[in-house]
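In what follows, chains are A, B, ... by sequence order, proteins preceding strands, each numbered from 1. Quick caveat, the model's predicted, so the values are computed rather than measured.
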2 protein chains.
Amino acid sequence: MSERASRRDAIVEAASQLFSRQGYVATSVRQIAEAVGVTEAALYYHFKDGKRELLSAVLAEHMPNLLESLSVCENAPSLDAFLDCFLHHVLGRGQQHMERLWWIATEFRRFNPQEQALVHEKYLTLFHHLEGVLRPFVGENALMLSWTLISLMFGYGQLFWLQGLQEVVDLPAERLIGFVMQLVGRAGLATDLG
Amino acid sequence: MSERASRRDAIVEAASQLFSRQGYVATSVRQIAEAVGVTEAALYYHFKDGKRELLSAVLAEHMPNLLESLSVCENAPSLDAFLDCFLHHVLGRGQQHMERLWWIATEFRRFNPQEQALVHEKYLTLFHHLEGVLRPFVGENALMLSWTLISLMFGYGQLFWLQGLQEVVDLPAERLIGFVMQLVGRAGLATDLG
DNA sequence: GTCTATAGTAAGATAGAC
DNA sequence: GTCTATCTTACTATAGAC
């Protein structure tokens, strides 16, 4: 990798961390340059359109990929085993990964149409793969179950990670996962719901 | 109501709308003053500590109250009827209400400890009431079912409202509600889960 | 209470030397 | 490629007149 590429990558990496921790608007170009150890002028050499171009780069190169969690678990032998594996993997990826995931949600309105479409595409891809994995277990219910699980994971992360409910409510992801697994198991989704 | 109070309220109202649409950092005091039709100096007369005090005021006076949705539905005759009423009421409150709800999530880290505690308290109150309403129907499962529903609503709102998945996925809240209702019904939560 | 005028600061961005 | 130096603009906030 050339020096140019690695320096450029370092800038994107620093921007990604600062954006996801403080937000795009609250992060200054100065701050990013300092974090990397270069001046602002050097940064503008790599990104002619400045801060806005950096936002695009971060989105394009540092979007969290939930498909990894899926591919790790997709060969699980049972619905129970899959849910256990997948939910644990997604919710157990640590603070930084979570921050980036929810940063995209909070910053979504600032993206241009192409960038918004990119985000949508990522969700749809995740959904389609998830649906494909669930279908052998729950048939036609795979569609609704997929969106239910995705929404549930998102909401739990929002409330318990981002908004710190962890600190006042003793509800580890473990318990939520266990509850959902039993709910799904008991409902007998192998046959279609009305 | 005195002129002072109504002017003050108008400023808080304008700030609330702008904050929830653009974010706290991206909104300037100038912009708020213009929206109300006063100068910045006048605004600083009402809020000595400026923008930061405005954030506190917005949070204290314009926090969305989900308990209203609960009280409307709490006398429903069956679990089905309650879920139908509650989820529709929460998810059907319109764009502005939704925006304020998720704005709190995105801005949470900027709040001071007392303000964060206030937000937590609101969630806990909602949870306790929801649990109380569900308990007659599902017994000890009320605790987990409450957090599951709250997380699910949050996640759905985040994805389909805030991130505009509505536009690319045909999954109206109606269908998600229907699916969850049948899931819960089929699981037979009247008796405890493991 | 609300205004005009302005101080003081920090932001995004660029020119030109090396 | 990276630097120093600087420009322009926008922001938060305040002083003092009315």
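- The aromatic rings of B/Trp147 and B/Phe127 sit parallel, their planes meeting at an angle under 30°, below the 60° perpendicular limit.
- When the nearest nucleotides of DNA chain C are assigned to A/Ala41 and A/Gln31 by heavy-atom distance, the more 5′-ward of the two goes with A/Gln31.
- Between the CZ atom of B/Arg30 and the C1' atom of D/dT12 there is a distance of 8 Å, given to the nearest Å.
- With a 6.0 Å cutoff to the six-membered ring centre and a 45° limit on the axis angle, B/Lys51 does not count as a cation-pi contact of B/Phe47.
- At the phosphate of C/dT14, neither OP1 nor OP2 sits under 4.0 Å from any side-chain N or O atom of A/Tyr44.
- Residue B/Phe47 contributes atom CZ, which lies 14 Å from atom C1' of C/dG1 at whole-angstrom precision.
- Proximity of B/Tyr45 to the phosphate of C/dG1: a side-chain N or O atom is located under 4.0 Å from OP1 or OP2.
- In this structure, CD of B/Glu40 is placed 15 Å from P of D/dA15, rounded to the nearest angstrom.
- The CG-P distance, from B/Leu54 to D/dA13, rounds to 10 Å in whole Å.
- B/Leu134 is not listed as a side-chain neighbour of B/Leu189, based on a closest heavy-atom distance of 4.5 Å or more.
- When the C1' atom of C/dG1 is taken as reference, atom CZ of B/Arg8 falls 15 Å away, rounded to whole Å.
- Of the listed nucleotides (C/dG12, C/dC3, D/dT12), D/dT12 has the atom at the smallest distance from the side chain of B/Ser28.
- Regarding contacts with the backbone of D/dT12, every side-chain N or O of B/Arg52 stays at 4.0 angstrom or more from both OP1 and OP2.
- If you measure from atom CG of B/Asp9 to atom C1' of C/dG1, you get 16 Å, rounded to the nearest angstrom.
- Taking the six-membered ring where tryptophan is involved, the planes of A/Trp102 and A/Phe154 are perpendicular, since the angle between them exceeds 60° and thus also 30°.
- Base contact: B/Thr39 has a heavy atom under 4.0 Å from a base atom.
- Between the CD atom of A/Glu34 and the P atom of D/dC3 there is a distance of 12 Å, rounded to whole Å.
- Less than 6.0 angstrom separates the ring centroid of B/Phe108 from the ring centroid of B/His120.
- Rounded to an integer number of Å, the gap from B/His46 NE2 to C/dT2 C1' is 8 Å.
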